[in-house]
Structure formats: structure tokens, C-alpha cells
There are 2 protein chains.
Amino acid sequence: MKKGSVTIKDVAKKAGVSPSTVSRVISQNPRISKGTADKVLQCMKELGYYPNAVARSLASKKTGTVGVIMPTSSEDIFLNPFFPEVLRGIVKGASQSGYDLLLSTNFEKDEELKVVENFIRSSKVDGIILTYSKVNDQCIEFLCSEDFPFSLIGTPDIHKEKVNHVDNDNFQAAYQGIMDLIAEGRKRIAFLAGDKNLTVTQMRLAGYKEALRENGLSFDENLLYFGNFDEATGNLYGKVIAELEERPDGIIVTDDVIAFALVKSLQEFGIKIPEDIGLVSFNNSILAALANPPLNSVEVNPFKLGEEAMNLVVQAMTKGVRGKRTVIPYEIIYRNSTGT
Amino acid sequence: MKKGSVTIKDVAKKAGVSPSTVSRVISQNPRISKGTADKVLQCMKELGYYPNAVARSLASKKTGTVGVIMPTSSEDIFLNPFFPEVLRGIVKGASQSGYDLLLSTNFEKDEELKVVENFIRSSKVDGIILTYSKVNDQCIEFLCSEDFPFSLIGTPDIHKEKVNHVDNDNFQAAYQGIMDLIAEGRKRIAFLAGDKNLTVTQMRLAGYKEALRENGLSFDENLLYFGNFDEATGNLYGKVIAELEERPDGIIVTDDVIAFALVKSLQEFGIKIPEDIGLVSFNNSILAALANPPLNSVEVNPFKLGEEAMNLVVQAMTKGVRGKRTVIPYEIIYRNSTGT
DNA sequence: CTGAAAGCGCTTACAG
DNA sequence: CTGAAAGCGCTTACAG
């Protein structure tokens, strides 16, 4: 902070009013007469006055900032194009509502809770956005126990009635994806996901199971694969699946990065996509379009997810809204990876 | 902020010391005796005390946070994989040095200066990171005039002796890229960049010119192309170049997203890469590897750029360092797009 | 090694 | 509509 910067007192003196009055014109208190307000405003301008946000925060007990909890940045998931888009949406929401954004700096794994606690306990933020949702998330637990305003991108598996969250209908998206595969005559469909402990994985898994069930297809534990959101996972399971005695004829993959690598890997083993194995993926990143064949992929609108997450914290902070769920429509982008 | 949270006074009372003393143990002042320190620490733990960051900031005139100015988020450049990597590096640096990160929320264009002014004038940050550097940047101008601690990713074209910055040797990288093209017998080499007003563009352009000059190749204004960091730009100039009477036989492109689209576009016009036109690109994103043919691309190490940018602001804030330049090595990743 | 006191720059009942 | 006063929760010379 710059020394000797002009304060509310300087403005008050110059305008011939009390500091209280200056404070009131800053906060646009309607009970100030137009005359004094104009005079004060004029003086503020002449002195180059700028309210000190820190002092304001201390006195008002409001920071005007929202903490954004991103995935641990040492992990691959941070690089998935999904998150920059989410962040863009959050930024848009923030710029509209006038909030600042404090970014989580958890570089190491499993530090999210520490970051959340720190943000709250040391009074750095008025609200929090959790940009992804894990199964049995300690952050959710903590935030709910404090009744601290926050929103979640994804669907919580606990305290659902208390947490504002925005998500796609991932059950339905997976269900529909599987139905498409089945419509093409696929009967033995595998499920490949990035992280078993994300609730999104669980929802999609549920949709997958339901579609199988409705079509009288048996559910096989052995066709469930989990890993990370990276190419390595795709490569790994390409080999695993290629070496299977009884291969699946369809796969649903929860992320394009994985799907892209998977397809390449399968092809190296001489497996043809979509002839031998049909495939649906998620996130509709550029990789889905670039794959050969181009992949059917579910557009989840991460930008809107982020924007809405911001709206939801704001509602939590300003109106005490809790437990509100917003659903962002998904769309399956059809290309050539399912069949026909 | 939670009402009735425990303050330094509560701790002081319980420990039977003065608030000053408690404050000193928080800041680990060495002049406090081990005995009292332990006693106070114990009381803090028992009461669940957590220092209020806002009050600390106000009293100490330090916020412990750094403002990060990202590209306007409504623009494509925000989505370029370069920036998430930069951000990851910044987060790593921040988590090591203990600073918080306040993110710019400039969604609309040309608002960076407003954001910077706001961060500084309202005392929200102790330092600033500019994640990209424009020609004649008003933010740099402002920050220098205030002598406010900041660092820049890229090379400033003004006040170079005052600004801490980290960059690759982009002159050399471009120079070397062109030399490679020339070594393959290319004689008419075009230059395609994303934004003319970034200093990185200017540096690379200079390297390009120098390489031409040294090899006695004439410089042709008409072979300079500028646009945005998006596919549209690549597509556009693919058509433009295809329709040229006298086509280039080599191109240097400052970003893989553009290069990727350009290659596809040129190929649609029956132009063969690298046979007809050799190509070098920058940023070594996944697209460079996926292109057909895979593209030679310059790895610029965005993660390290971000990490070092954080180090540089810290040095600016804590030690008053100014005008320090750090160079991050680049590496040309050779694939099949240049020739042979 | 420790304490009393002033102060950081605001906001906000309270009173008029 | 406006002011005086207390207070937000810390830090930091100053003094001992």
C-alpha cells in the first residue's frame, strides 16, 4: 500500500463534512442529499480518492471476494480444457456481479480442505466455489457445518438439500449415450472414467447401468475401468481391452483426452473404430473433433457451469439461498464413432 | 465473516499476556521467550484461534496477495493451452512463497488497466503479474510510474530497465526456426502471428528478419500475416496463401492452434506439407503432435514462465528488485513439418 | 522480553 | 439529512 494515500478524512475535510457522510456517499446511501453528495464526489475526484478495500472489509465484515477452489494444480486434470472454460465462466459471472476472485493455491494433493479453511477462518472471502465435486467431499462437509455460502459445480452426494450446485444431467447424458450405442446393435458395453471418486463419474455410471438394465443387457464389473484424466489412462486401457478374450463392442468414456488416446491405442492393436468398437465420449473438446474417426462427444457447456456457479454463490451470500440446483443442458455431438 | 469469532484479545486474556505479545508470537517475533510463546500457542489452539487476515493487512499495510492479470476472458487467447500452464506455474510459485492470488476479472476487452488500477488503488494486492506483454502497454506505464512491484511474462518494449520480466529468447527461437527452414532449401518464407501488438510477436519477427538478412533472402512485407490465436486465423490465411500467385515455400507460425488450422486449410487446397511448404510453429501443444504431418514446434515452457514470474514479483515486493530479466530456455521439438 | 497506546481507514448504530 | 463516537482485529514504535 502506498504511504500517505488520501483517506476518507482528507475528503471530509476538503468537503467540509464528516467522515461518516463521505462514507455514506461512497456506499451510495440514499439518505444523503444530492447537494452534499455532489460536493463530496467532486472532492473525491479532485483528491484522487480511492476507498481502501481492506479497511472497508474490516469495518463491514465483507470482503467482496469469492474463493475459487480449482483442482490440485500438480495434477493433469488442471490442464483439461474443461477447467479454463469453467474459469472463464466464473470470471464472466464475477465481472457482472462485481466480486473479486481469490484463487486456490493448492499445488499438492489433498490440500483443498486446508485452503478452504484458511480462506474462511482468516476471513479472506465471503463465499466459495468448488469447481468439481468428489465423493464424500470433506470441503462440502466443512462448508455445510459452518453454513458458509458456497456453490458447487457438479452434484453433491451429501447434504444435497443444503448445497447450491450446478450440473448437467449426467445420468441422462450417459443413459442416452448408451442407448445410442445399443441402437447400433452394441451388446457388450464398457465404461471408462477418469476418476472414480468424482460424483460425476458415479452419476454417469448410474445412467450406464440403467440403460443396460432397461435393455436386458447384463452388467459386468469387469467392463468398468477407472484412471486419470490423461492420455496414459487411454493408452493403458487400450492395451487392456485389446488383450481381452471377450472384448466389448462399445465403450463410453467420460473424457475426450482419455478417449482420444484410447482410440489410437486400440487402433494400434488393429481394432477398428467404430466397426469393432463403438464409442461415445464427453466434453466435446477439440480432440473429439480431431480424432480419427471424429468422436461422438457430449458437450457439457463448462462456460455456463462456471457462470452459473458464480450466480449461485452470489445468491448464497446475498440472499441466504441454500440447496438450489441448476441444470445446464448437455448436447450429444454426433460424429462417426458410434457406428453407421 | 463469522460473528463472535475468537480474537487476539481472547487469546491474550486466556494466556495472561498482552495482545501485543500474542501478535508477536503470531508473527514469530524472535524476542518472545520460548515459555510465553508456548503458552500462547497452546491457548490459540485451545480456543481455535485464527488470525484475521483483513485486520492484519490493515495494520501492517501488506495484503500477502498478488494480482494476476490474465487475458480478457471473452477472447480466444484465454483458451489457448498456454495460459492454463502459465497459471499452474504461478500457483506453484504462490504455494511455495505463501502468497494468495487475486485473479483479474476483466471479461470485456481493454479493461486490464482498470483492473490493475483498482487492485492497487484499493490496496487489494502487494504485487502484480502481467501474464502477457503488449506493445506500449498502459499497464506497464502505470505500474512503473507508481513504482509498484510487478513482473511481466514476456519482454517489455518500454521501461525495460525497470521491469522484472521472464521470457524465452524469442528472437533466437524464431531465428533458429527460420534457419532450419532455410537449411531445407526454403527461400520464400512467410510469417504468421496471432497478434501484432504482442511484444513476443515483435521479437519473433525481428529474429525472422535477421535470419533472412543473414542468408541474403529478401524481406517481403506481403508475406507477413497477423490475426488471432484461433483456428479461424489459420483457415483464413490457408486460403489467402493458397490463392497467392507466388506462394511461400516455408512458414513460421507463432502458435499451434493457428498452425494446425493452417495446415488443414492448405491441404484442402492440395498443398502438401512439408513438400510444398515447410512449417515451424510455437508452443508445442498437443495439436502440434496430432497434426498431420506432426509439426515442428517450439516448446516455450509456460509452466516455468509462470513459476518464475511469481518469483520475480516476490523479489520485487520483498527486496525491491527491479529490471531483472530471466530467460527460460526454449526447445525446438523436431517432427515432420519442416522437410526431409 | 513484554505492555500500553496509538493507529491502520473504514462502517454503523445512535442521536439529533 | 448529518455528525460524534465506538469499533472492526490486528501491528508496531516507544518505553521499560
Side-chain angles (χ1 to χ4, degrees), chain A residues 1-41 43-44 47-65 118 120-126, chain B residues 1-41 43-44 47-65 118 120-126:
Chain A
M1 297 175 195
K2 219 177 146 195
K3 227 359 191 327
S5 53
V6 8
T7 74
I8 210 172
K9 281 188 189 172
D10 303 317
V11 178
K13 195 171 294 173
K14 174 152 185 158
V17 299
S18 74
S20 327
T21 300
V22 176
S23 172
R24 290 192 183 99
V25 347
I26 293 170
S27 55
Q28 308 195 39
N29 186 316
R31 292 190 310 184
I32 295 291
S33 76
K34 183 93 168 61
T36 27
D38 286 348
K39 187 173 53 179
V40 169
L41 253 11
C43 293
M44 282 175 28
L47 293 174
Y49 171 75
Y50 224 97
N52 181 310
V54 176
R56 270 189 109 163
S57 297
L58 184 58
S60 68
K61 301 199 153 285
K62 275 175 199 152
T63 63
T65 109
N118 175 265
I120 295 178
R121 297 259 186 249
S122 54
S123 301
K124 289 175 179 170
V125 300
D126 296 338
Chain B
M1 295 176 197
K2 219 178 146 195
K3 226 1 191 328
S5 54
V6 10
T7 75
I8 210 171
K9 280 187 190 172
D10 303 317
V11 178
K13 194 172 294 171
K14 173 151 184 158
V17 298
S18 74
S20 328
T21 300
V22 176
S23 172
R24 289 192 183 99
V25 346
I26 293 169
S27 56
Q28 306 195 37
N29 186 317
R31 291 190 310 183
I32 296 292
S33 75
K34 183 93 169 56
T36 27
D38 286 347
K39 186 173 52 183
V40 170
L41 254 10
C43 293
M44 284 175 28
L47 293 174
Y49 171 76
Y50 225 98
N52 181 308
V54 176
R56 272 189 107 163
S57 297
L58 183 59
S60 68
K61 303 199 152 283
K62 276 175 197 151
T63 63
T65 109
N118 175 265
I120 295 179
R121 297 258 185 252
S122 55
S123 300
K124 289 175 179 170
V125 299
D126 297 338

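Below, chain A is the first sequence line, B the second, and so on; all start at residue 1.
Note that OH of A/Y49 is 13.0 Å distant from SG of A/C43, once rounded to the nearest 0.5 Å.
Atom CD1 in B/I8 sits about 14 Å away from atom P in C/dA4, given to the nearest Å. Following rounding to the nearest Å, B/L58 (CG) and D/dG7 (P) show an atom-to-atom distance of 17 Å. Taking atom NZ of residue A/K124 and atom P of nucleotide D/dC8, one finds them 22 Å apart after rounding to whole Å. What separates CG of B/L47 from P of D/dG9 is a distance of 15 Å, to the nearest Å. Between the P atom of D/dG3 and the CZ atom of A/R31 lies a distance of 13 Å, rounded to the nearest Å. Spacing between atom NZ of B/K62 and atom P of D/dT12 amounts to 7 Å, rounded to whole angstrom units. Spacing between atom NZ of B/K9 and atom P of C/dA4 amounts to 12 Å, rounded to whole angstrom units. Atom CE of A/M44 is separated from atom P of C/dG9 by 16 Å (rounded to the nearest Å).
Pairing analysis of DNA chain D (Watson-Crick: purine N1 to pyrimidine N3 plus N6-O4 or O6-N4; G-U wobble: N1-O2 and O6-N3; both under 3.5 Å) yields stems of 3 or more pairs at C:1-3 with D:14-16, C:5-12 with D:5-12, C:14-16 with D:1-3.
Under the side chain to side chain contact (heavy atoms under 4.5 Å, CB included) criterion, B/A37 pairs with B/I32, not counting sequence neighbours. By the salt bridge (Lys or Arg N to Asp or Glu O under 4.0 Å) test, B/D10 is found to be paired with no residue, residues two or more places apart in sequence or in another chain being considered. A/K14 pairs by the side chain to side chain donor-acceptor pair (under 3.5 Å) definition with A/E46, not counting sequence neighbours. Partners of B/S33 under the side chain to side chain contact (heavy atoms under 4.5 Å, CB included) rule, at least two apart in sequence or in another chain, are B/T36.
Looking only at side-chain heavy atoms (C-beta outward), B/K124 and B/N118 come within less than 4.5 Å of each other. Counting only heavy atoms from C-beta outward, the side chains of A/N52 and A/T7 never approach each other to under 4.5 Å. At least one side-chain heavy atom of A/I26 sits under 4.5 Å from a side-chain heavy atom of A/M44.
Residue B/T36 is the one, among B/T36 and A/Y50, whose nearest nucleotide of DNA chain C lies closer to the 5' end (criterion: closest heavy atom).
More than 12 non-hydrogen atoms from other residues, nucleotides or ligands lie less than 6.0 angstrom from NZ of A/K39.
Nearest nucleotide to the B/S60 side chain, out of C/dT2, D/dT12, C/dC10: D/dT12.
For C/dG16 and C/dT12, the C1' atoms lie 16 Å apart once the distance is rounded to whole Å. One P atom belongs to D/dA5, the other to D/dC1, and the distance between them is 24 Å to the nearest Å. Going from the P atom of D/dG9 to that of D/dA13 covers 23 Å, rounded to whole Å.
Side chains of B/S20 and B/S23: a donor-acceptor N/O pair is absent below 3.5 angstrom, by distance only.
Regarding contacts with the backbone of C/dT11, a side-chain N or O of A/R56 is found under 4.0 angstrom from either OP1 or OP2. Here B/S33 reaches the OP1 or OP2 of C/dT2: one of its side-chain N or O atoms lies under 4.0 Å away. Contact between the side-chain N/O atoms of A/K61 and the OP1/OP2 oxygens of D/dG9 is found at a separation under 4.0 Å.
DNA chain C is contacted by B/V17, B/S18, B/S20, B/T21, B/R24 of residues 17-29 of chain B, taking any non-hydrogen atom closer than 4.0 Å.
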